[in-house]
Amino acid sequence: MAGSAMTQISAITSMNLRNISERLTSSVVALVGIAGVVMVLIGVLSISAGFRAVLTLSGARDVAIVLRSGATDEMGSGLTLEQTKIIADAKNIARDAQGSIASPELYVIVDIPLKRTVTPANVPLRGVGPQAPQLRQNFHIVEGRNFTPGTFEIIAGRGASQQFAGLTVGNKLRWGTTDWTVVGIFEDRGSVAESEVWTDVTVLQGAYNRGTTFQSMRVKLTSPEAYRAFEDALTTDPRLNVRMFTEREYYEKQSRLLIALVSTIGTVIAVLMGLGAVFAALNTMYSAVSTRTREIATLRALGFGAAPVVVSVLTEALLIGLVGGVLGALISYFAFNGVRASTMNFSTFSQITFAFQVTPTVLVLGLVYALILGFVGGLLPSLRAARLPITTGLREL
Amino acid sequence: MFKHLPLLWANLGRKKLRTGLTLASIVVAFLLFGLMQTLRVALTGSPEMAGVDRLITIHKVAIINPIPLAYLSRVRALPGVKYATSQAWFGGIYQEDKNQLAALAVDVPSFFLVYNDYTLPPDQKKAFEQDRTAMIVGSAVAERFKWKIGDTVPIRSNIWTKKDGSNVWPMKIAGIYTATTGDNQSIYFHQEYLDESRTIGKNTFHMIIERLEDRNRSAEIARNIDALFANSSTETKTATESAFIQGFANQMGNIGALITGVAAAVFFTMLLVTANTMGQSIRERLNEIGVMKTLGYSNFIVSSLVIGEALLVTTLGAAIGLGLAALTSLGMAKGLAQFFPVLGMPATTYAVGAVLVVVLGGLAAAQPSMQAARLKIVDALRKV
């Protein structure tokens, strides 16, 4: 019996699929609809994936960012030279031949036009100490050279140099009364640092009349576990008035809003579009069933069971979903993957660059969604086909 | 034409399920369209937010760089500038880090001269002007934190520090303003209050906002303002308020293009769906159309009926969809008030929606209506 059911299923299903060309237009409509939904879904997911990747890459657990107490980000923070020295002397900080691995930094923004729109964008300009490269996990110069301390030289992150005009090696930029020369381009595995422009912190202090004050201090800890002890020591030190975050915490906090926004909007769009696609698929499958009413009734009269009919209709719908999904996934992979973009990071009021990432997870999610849409679109019509009374079916035109 | 409406209606009711599904897809399409318009305006700012005759001057290097106090009087003296006022960033936080506010220290005497579209009852305005520690808050902020006039609330700065080491400025709510531009999210207080206790940055601010005598001269006056300070240590950059908002919006990324792309994809799909169903229902009715032609209906009427049917479905769908979108936007506006100053479906959505109805319905009905018009009676009646 089981064997004959299988034979029936495969007989009807293959017959359906062979004459799908008769319902080509409406099948293509449903297919294109599902492909469109999958593309939008993958597009949105790849933005969040890319954005999240930048921020997780950037956030090390064994690097701490020290700010003035009360500050929520580097921009609004301030530390004196004396305070930075006290912080650098703290226990639990990793040390190398040059002493503590710590970098007192200044974070300002400069207007540089976006290449795309030629309108000004707030690009972060970071003054860093000599140890800064050791505080980024994979910092290396890919073009030109590092800046020479004490000179008006800058190096630009790869993301920044791609998104903003004029950040090419050898180019001079005028900010205020100072001419700055771009001497190098650096990479750091696509982290937040790549959205920034760097220079020597003491030069930046001079150019911005900051005296000997800094805004933040980045330190490398001996281990992620040392963070608690480090925090306790500093927050109880009466000479200091500071708060701190691990780098990971800091970037997570900064990105929460943006990621939440992108995901919420993306989900709403994908769900609504999915709803639209289900209606299209339902329409297609209902009409597929109704044009085949007499055929189905004949099959039933010949002794085919209800289950094979259900399965055949569902298979057709799932196939439409699958092909639509694969199509959407392919198009979006080639259209979106690796595309670089920049957006505003509200917490520091400055630009952050990222790349769309069409990850395997994202692709699988897109495909699964397409199959769900196909299934939902096929279910009700297949049940109707199965319930069709044979006599009325045969009488139909 | 209207006498055929019952006929159109009856045709739609013929296959209720199919009509329902088609209608539902159109509703979804227009709902998405409405929501995306709302989103686009929310993310990129609407030109409606800008005062038409206002200019904004900032430091040429970046918007966070300070401008000396003396610049204000020099700008005021410039011909063509009617009023000018200053603003300094404060970066307000209320109680918790997540309660971020846009607090600005302003030159109070000139504030309302420049922002003449910000309304405040006269007694509240007077109270604000007379008390150095007073602030006015946007109606949306007051509602968000349940603040009442007369309350004194601690506003923390994430930029400035007081001489005593704290970051908190207690401020008294003197008034609640409403702005026709939609900026009801800000807090304005006295620059003197900030200056008397902040450790650095005294007598500087970040923006000068100018109101002009003649808005047609804004480009020329913007150039004149920047020329005043050219080659000084603090050079400036002046632009209209709308250019300023637009530039800020561009920083959000290519949102506009992205949203248009998604909306276009949705519409293309819906076009296919509607065209497909229209085609189906006409094919099923060829017989009947033949009868109508036999009875004397002209080709024109027959094809108009098909187009009319498509337009009727799209119009219905669009009306429901946009209605739902307007309702949803209202709900969203409440939930997202802290992120987006203005959130509401822009009025232009309805006009664009009407155009889309005609395009969508027309294109979907194009092929079936031609088929109906060209149909020969004998062929139609021969078909079973």
Side-chain angles (χ1 to χ4, degrees), chain A residues 25-26 28-30 32-33 36-37 39-40 43-44 68-73 75-78 108-111 114 116-117 119-123 125 175-177 208 213 241 253 257 261 265 268-269 272-273 275-277 279-280 282-284 286-287 290 341-344 346-347 349 351 397, chain B residues 15 17-18 21-22 24-25 28-29 31-32 35-36 39 58-65 91 93 97 100 156-161 165-168 200 231-235 237 243 246-248 250-255 258 261-262 265-266 268-270 272-273 275-277 279-280 339 384:
Chain A
T25 334
S26 63
V28 167
V29 166
V32 169
V37 175
M39 272 175 66
V40 171
V44 171
R68 171 176 59 73
S69 128
T72 49
D73 54 69
M75 195 89 104
S77 172
V108 298
I109 55 180
V110 286
D111 265 4
L114 270 170
R116 184 169 44 74
T117 56
T119 47
N122 300 341
V123 179
L125 171 61
W175 295 321
T177 52
Y208 273 71
T213 63
N241 179 25
K253 223 163 76 87
L257 177 68
L261 195 68
I265 292 172
V268 170
I269 291 176
L272 280 178
M273 277 192 76
L275 211 59
F279 292 137
L282 276 174
N283 233 337
T284 304
Y286 269 126
S287 57
S290 82
S342 67
T343 188
M344 183 78 137
F346 277 111
S347 43
F349 213 53
Q351 291 278 310
L397 289 177
Chain B
K15 289 238 170 175
L17 182 65
R18 180 162 64 205
L21 287 173
T22 311
S25 0
V28 170
L31 171 61
L32 265 173
L35 289 180
M36 294 196 135
L39 194 66
I58 60 166
H59 192 291
K60 193 175 176 184
V61 174
I63 193 164
I64 56 160
N65 289 27
I93 293 168
D97 279 1
Q100 302 251 357
R156 195 172 98 212
S157 173
N158 47 6
I159 303 177
W160 310 111
T161 310
S166 104
N167 310 103
V168 177
I200 51 166
N231 299 317
S232 74
S233 63
T234 307
E235 291 189 303
K237 187 166 60 187
Q246 187 56 51
F248 197 75
N250 286 341
Q251 296 211 43
M252 282 297 300
N254 212 349
I255 301 274
L258 217 68
V262 173
V266 176
F268 180 67
T269 316
M270 289 312 125
L272 286 177
V273 171
N276 185 41
T277 5
Q280 267 174 11
F339 307 131
V384 197

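What you see below is based on every heavy atom in this structure, not just the backbone, and it leaves out hydrogens, waters and symmetry mates. Sequence lines set the chain letters: A, B, ... in the order given, protein chains first and strands last, and positions in each chain run from 1.
- The part of Asn241(A) that comes within reach of chain B is its side chain, from C-beta onward, which places non-hydrogen atoms under 4.5 angstrom from that chain.
- If you measure heavy-atom distances from Ala29(B) to chain A, you find no contacts under 4.5 Å at all.
- Contacts between Val108(A) and chain B at a heavy-atom distance below 4.5 Å involve backbone atoms as well as side-chain atoms.
- Heavy atoms of Asn231(B) lying under 4.5 Å from chain A are absent altogether.
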- Message: One pair to check against side-chain contact (heavy atoms from CB on, under 4.5 Å): Gln100(B) and Asn158(B). What are the steps and the verdict?
- Response: CA-CA 10 Å; Gln100(B) 302 251 357; Asn158(B) 47 6; 3.9 Å; yes
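- One finds the CG atom of Leu125(A) at 10.0 Å from the CD1 atom of Ile109(A) (value rounded to the nearest 0.5 Å).
- For Arg18(B), the parts lying under 4.5 angstrom from a heavy atom of chain A are both the backbone and the side chain.
- Contact of Val61(B) with chain A is made through backbone and side chain together, with heavy-atom distances under 4.5 Å.
- Considering only heavy-atom pairs separated by less than 4.5 Å from chain A, the leading option among Leu17(B), Thr22(B), Val168(B) is Leu17(B).
- Contact between Ser25(B) and Gly276(A) at its shortest, heavy atoms only, is CB-O, 4.2 Å.
- When heavy atoms are compared at a cutoff of 4.5 Å, Asn276(B) approaches chain A solely by way of its side chain, counted from C-beta outward.
- In this structure, CD in Glu235(B) is found 13.0 Å from CD1 in Ile58(B), a value given to the nearest 0.5 Å.
- With a threshold of 4.5 angstrom between heavy atoms, Ile200(B) does not approach chain A through any atom at all.
- Of the two parts of Ser232(B), only the backbone, made up of N, CA, C and O, holds a non-hydrogen atom closer than 4.5 Å to a non-hydrogen atom of chain A.
- With respect to chain A, the highest number of heavy-atom pairs below 4.5 Å among Leu32(B), Leu35(B), Thr234(B) belongs to Leu32(B).
- Note: Ile269(A) leads Ile269(A), Val44(A), Val123(A) in heavy-atom pairs under 4.5 Å with chain B.
- If you measure heavy-atom distances from Ala341(A) to chain B, you find no contacts under 4.5 Å at all.
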- Run the side-chain contact (heavy atoms from CB on, under 4.5 Å) check on Asp111(A) and Lys60(B) step by step: do they pass? CA-CA 8 Å; Asp111(A) 265 4; Lys60(B) 193 175 176 184; over 6 Å; no
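- Within the 4.5 angstrom heavy-atom criterion, atoms from both the backbone and the side chain of Val110(A) approach chain B.
- The minimum heavy-atom distance linking Arg68(A) with Ile159(B) is given by the pair NH2-O, 3.8 Å.
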